[in-house]
Number of protein chains: 2
Amino acid sequence: MPQHDPLREQIIAQYDAMSPQLQQAARYVLEHPDEVALVSMRELARHAAVQPATMTRLAKFLGKQGYDDIREHYVAVLRRGSDGFAAKVRQLDGGTTEAANGNIAAQMLHGLSAQISQLCEPDSLQRLEAIANTLKSASKVYVLGLRSCHSVAWHFHYVMSLLGERSVHLDGPAGTGGDALVRATPEDVMLVISVKPYAVATLELTQLAKDKGLTVLSITDSEVSPLVGMSEKTIFCPTESDSFFHTLTPALAISEVLCTLLAEGDRPKALDALQRADEHFLSLNTYSSAIPRRE
Amino acid sequence: MPQHDPLREQIIAQYDAMSPQLQQAARYVLEHPDEVALVSMRELARHAAVQPATMTRLAKFLGKQGYDDIREHYVAVLRRGSDGFAAKVRQLDGGTTEAANGNIAAQMLHGLSAQISQLCEPDSLQRLEAIANTLKSASKVYVLGLRSCHSVAWHFHYVMSLLGERSVHLDGPAGTGGDALVRATPEDVMLVISVKPYAVATLELTQLAKDKGLTVLSITDSEVSPLVGMSEKTIFCPTESDSFFHTLTPALAISEVLCTLLAEGDRPKALDALQRADEHFLSLNTYSSAIPRRE
DNA sequence: ACACAAATGATTCAAACGTTGCATTTGTCG
DNA sequence: CGACAAATGCAACGTTTGAATCATTTGTGT
């Protein structure tokens, strides 16, 4: 991480004065400085979803003579960075264990990173795949996650709804959360998220869904979770944390992966749904500026 | 210094079998691996005092299809080296890059893991600390996160409420989300979470809070996010993902770390609050007490 | 000294590069 | 609504790239 990057700061300083396209280009440059040095301008523009000419215009806008000035700068940055590479690695390497000891935040972040890494095990991947496939064939997906798991459940539902999937979030004010289940049929699937301690309401609603013939899938924290016995398929998320409470970050990661697998199953449809959503939000002025979609 | 560089070792192994010109080219490549990635072949040849064609011949001699194969390799090496922790994580996991290729889920999980790792940078840790300190001294914390950021906002609020902190979630049915701000005072703090595309309502409420004299803290995705200008302190969360949509997993990780730092600031109080919560839930039968064992 | 094959240099080519000017769209003011 | 300027997309340009081809040199065995 370069501490003083004058060009970077210049871009940030002039960002607000840029046109939307220039902003998009500038933003990509800010977020991927290495790429600037390593790939051609056209490819960079492609990745930033911007016209090649826009990169040139960005350079001019910044007072440079051409794009090469920008590239040269980031080449220099990268050169400098890789010089002290050995030292850097040594520092990171040695620092990891010791430095983290005195630092709760770093320690925790490392733990989370490792936990998510662990989800790459073949067993987990297989479970993810299986659950995604079941979700794919569902006529409707009821999503249930109460208390701490609300965040995961809601996020899954939100993304699914953007993708145009028939997702129903089992939640609502005044204890009406489970009401939507009255219309559920055996063609539907329920995705339930729950970690210890398991909310009674979650278990009750899950049992009800199972009784109604729904296929129950679950994201939960242990082989001995009560959900395991109620579910057709299960994926396990680590929840242990250095802090007082459980972490739901791995569970959220899982739900995002599931969304991706679902979307990836039918790319055209997903893209279409996203575009429709874009237009909807655009006409409602929901978001502050143009919404550039990534390819 | 690259740990395992197969191409480098191949060059060394075959060095003796090369013609003088090839050796000269090979030697320059070995001694300036970065240059290979950063300059054109012709320029590299110029520096190595060798014909451009010799570089192509070197590639063929090494069994590659063309010079680009060599360049790509050193680009990959440089890419890996330049982003510190992420590189290390990837490295620890061995054949990550290859293994993940055919598998969207694994690829995505690795990306998330690396992104969270990146948050261990000193700059991020410092920002986390600063924000936690401000939150600590707040009389009340208003939490705002709309649309996709709802999950993060809600989770933060939920944990805070368990910890007995005075947290107010700015959300509610029928568009009443911002109403709670009427009672806000300059002693209060607002924590706002928003990533691109930024919801108009979020920006408006944030501005309102700022106008009322609240200290605004934000979790957002870029130096050029509109929130940066409105916030006293900011922490940045990566959101890029292999999928169609942004990831909020790093943002959630950040919010969990903030919660932990806050709780850690006064352990006894946190423990006390948690116990009180436990008793509350016990008397309400919120959670299923026994974990039914399965055989 | 000669012949011959390997190595090297020079030349050429198609593709991709960064840049530019022009047409079109977009947003805004009169 | 029309007009104007800014912003953006598009197509063409001249240049440079990496690779292929051919000519020349070099080194070696007889």
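Letters A, B, ... mirror the listed sequences (proteins, then strands); counts begin at 1. Note that the coordinates shown come from a computational prediction; the quantities given were computed from them, not determined experimentally.
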*Give a yes or no on whether Q65(B) atom CD has more than 12 heavy-atom contacts from other residues, nucleotides or ligands under 6.0 Å away.*
no

*List in chain and number order the residues that pass salt bridge (Lys or Arg N to Asp or Glu O under 4.0 Å) with K60(B), two or more places apart in sequence or in another chain; answer none if no residue qualifies.*
none

*What is the 5' to 3' range of DNA chain C, first to last nucleotide, that sits under 4.0 Å from any heavy atom of chain B?*
dA7(C) to dA10(C)

*Under 4.0 Å between any heavy atoms, over every strand shown, what does Q21(B) touch: base, sugar-phosphate, or nothing? Just pick one.*
sugar-phosphate

*State which residue, out of I254(B), V228(B), I219(B), fulfils the side-chain contact (heavy atoms from CB on, under 4.5 Å) condition with F236(B).*
V228(B)

*Less than 4.0 Å between a side-chain N and a carboxylate O, is that true for E35(A) and R79(B)?*
yes

_The test is side chain to side chain contact (heavy atoms under 4.5 Å, CB included); show your working for I12(B) and R8(B) and say whether it passes._
CA-CA 6 Å; I12(B) 293 173; R8(B) 179 186 168 83; 4.3 Å; yes

*Take nucleotides 12-23 of chain D nucleotide by nucleotide from the 5' end and write B, S or -, depending on whether a protein heavy atom sits under 4.0 Å from the base, only from the sugar-phosphate, or from neither.*
-----BBBSB--

_Quick check against the 3.5 Å criterion: does Q23(B) have a side-chain atom that pairs as donor or acceptor with the backbone of Y15(B)?_
yes

*Judged by atom type as modelled, is there a donor-acceptor pair below 3.5 Å linking the side chain of E256(A) to the main-chain atoms of L248(B)?*
yes

_Has D188(B) got a side-chain atom pairing as donor or acceptor with A184(B)'s backbone, closer than 3.5 angstrom?_
no

